[in-house]
Amino acid sequence: MESKNSKRAEGAFQSKGGGGADPLGEVLRRALQRPRIFRDRNVMRSDYVPDRLPHRDEHIRRLGEILAPALSLSKPSNVFIYGKTGTGKTAVVRYVFKRFREVVERENLPLVFAYINCRISGTEYRVLAELCESIGVKVPFTGLSKAEVFSRLRRGLREKGVLLVACFDEIDALVKSYGDNLLYELSRINEGAEECGLAMIGTSNDLHFKDYLDPRVLSSLSEEELVFHPYTATELIDILTERARLAFREGAVPQAVINLCAALAAAEHGDARRAIDLLRVAAEVAERNGDSIVEERHVRLAQSMIERGRVFEALSTLPLHSKLVLAALLLLAKNGVPNPISGMIYQTYREVCGRIGVEPLTDRRVSSLISELDMLGVVKSDLVNMGRRGRTRKISLLTPVEEVEEVMESDELLASLLSHTPASIDKWRK
Ligand SMILES: Nc1ncnc2c1ncn2[C@@H]1O[C@H](COP(=O)(O)OP(=O)(O)O)[C@@H](O)[C@H]1O
Ligand SMILES: [Mg+2]
């Protein structure tokens, strides 16, 4: 049936043929043939929540047990989830939330499950606003103080008498920029309230994240803990096989290709996202080539393509303020100051914050963001002697300016900063 269709399509476009007279013909013909490899492209998207999560039954059951008291409207324990990227933390939480929401709807319970990605939300204000919105409390996009949004949240919880179970996914992104004060306040929001309140689930890809938390906050957030281990190659094979069955036409992706993707991803750190991306890109490569079966050579090609995209990905997933620090460094470099000292970076950082209406962090926090960028290998920082004025740090970008620029351009908010010239640049350039 399908092949008949595409034959017909082929014929139709070919009739225009004749030595490149129709530049679109080939493209259109291929586009019509595309379903040869993919059956359902969405299944390979990163935000797709599968109905089955092989090798995570134990985690799903455990999280379910911890959250179960919510169904009888008593506040469940807070949970802290950690594990490296691609180990299924987000997928498990979203899956469990989805199943709980089905019960909530059926039983009509005053219970809300909110999922917030802190890295994407970016600021404490946004996170609080999203919490408010999840229980139907309206908050303007900006303009209120954080304290005001916080008290609207508390009031909302009490007046509506709801129990809110909130997942703060990638909570480390928020804490590294703002400290753990918000978490502390949130952990105390239940005081004096009986039937309503807030239970928190925090996740982190950074295994050392606990070091950033005040002991009081840590003990409150990690009443329960779940650890997600990296997947083994065999586990990745099961995950990929399941996904491939839904995403691809029968026979389009041989087992050997799945095994190769799993092995390559397992050789790094057992990251399911990596494995799925590899298979998806390999399939796209094959498709663009007009091949109907994905082969090992497509996987190899996909791997080198992904490798190249990695810097971009690493930078574009940084927390907002780290990106703003990078933007400052970029503007300095573009304007003839490739090795600025910390003070210049901070001043420029404040300028860019001002331009996009984001409240700047303190000097100290920006220093720790710089140290983190240093650890990630994005910048290099050297202590230099300034004679009588003591010592300071000189920072330079290790990532090529064009690559940083590309990341900024892809971000609507940050793109507007690229034309800015730091105010004191003439003084610094000497
Ligand atoms: N056990 C699993 N079964 C099926 N898909 C999985 C499983 N674990 C992870 N995935 C998929 O791998 C990708 C990365 O998982 P994710 O939950 O985002 O990882 P994390 O949040 O730990 O970084 C997602 O596309 C997710 O659907
Ligand atoms: Mg995640």
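Atoms considered below: every heavy atom in the structure, side chains included; atoms not considered: hydrogens, waters and symmetry mates. First listed ligand is number 1; within each ligand, the first listed atom is number 1.
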Engineer: Dump the intermediate steps for salt bridge (Lys or Arg N to Asp or Glu O under 4.0 Å) on E287 and R36, then the final yes or no.
Structural biologist: CA-CA 8 Å; E287 183 179 58; R36 282 202 306 189; over 6 Å; no
Engineer: Which protein heavy atom lies closest to atom 5 (N) of ligand 1, and at what distance to 0.1 Å?
Structural biologist: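 Going by distance alone, atom 5 (N) of ligand 1 is nearest to R243 NH2, 3.1 Å.
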Engineer: For the 3.5 Å polar cut-off, considering only N or O atoms, please tell me whether H55 and ligand 1 meet it.
Structural biologist: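 No; the residue has no nitrogen or oxygen that sits under 3.5 Å from a nitrogen or oxygen of the ligand.
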Engineer: Would you mind running through ligand 1 and noting each atom that sits below 4.0 Å from a heavy atom of T87?
Structural biologist: 19 (O), 20 (P), 22 (O)
Engineer: Less than 3.5 Å between some nitrogen or oxygen of V92 and one of ligand 1, yes or no?
Structural biologist: no
Engineer: Report yes if K89 has an N/O atom closer than 3.5 Å to an N/O atom of ligand 1; otherwise report no.
Structural biologist: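 Yes.
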Engineer: Starting from atom 18 (O) of ligand 1, what is the nearest protein heavy atom, named by residue and atom, and what distance separates them?
Structural biologist: R273 NH2, 2.8 Å
Engineer: Could a heavy atom of K84 be found less than 4.0 Å from some atom of ligand 1?
Structural biologist: yes
Engineer: Considering the heavy atoms of T85, write down every atom of ligand 1 situated less than 4.0 Å from one of them.
Structural biologist: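 Near T85, the atoms of ligand 1 are 23 (O).
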Engineer: So, is N205 placed with an N/O/S atom under 2.8 Å from the Mg ion (ligand 2), counting both backbone and side chain?
Structural biologist: no
Engineer: From the options P54, A91, A265, select the one whose nearest heavy atom is closest to atom 3 (N) of ligand 1.
Structural biologist: P54
Engineer: Taking N or O atoms only and a 3.5 Å limit, does I239 qualify as a polar contact for ligand 1?
Structural biologist: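 I239 vs ligand 1: no N/O contact under 3.5 Å.
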Engineer: Within 45° of the six-membered ring axis of F38 and under 6.0 Å from that ring's centre, is NZ or CZ of R249 located there?
Structural biologist: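 Judged by the rule (NZ or CZ under 6.0 Å from the ring centre, within 45° of its axis), R249 is not positioned above F38.
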Engineer: I'd like to know if G83 contacts ligand 1, where contact means a heavy-atom distance under 4.0 Å to any ligand atom.
Structural biologist: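 So G83 does not count as touching ligand 1.
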Engineer: What protein heavy atom lies closest to atom 10 (N) of ligand 1? Include the residue and the distance to one decimal.
Structural biologist: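 Answer, as residue, atom name and distance: A272 CB, 3.9 Å.
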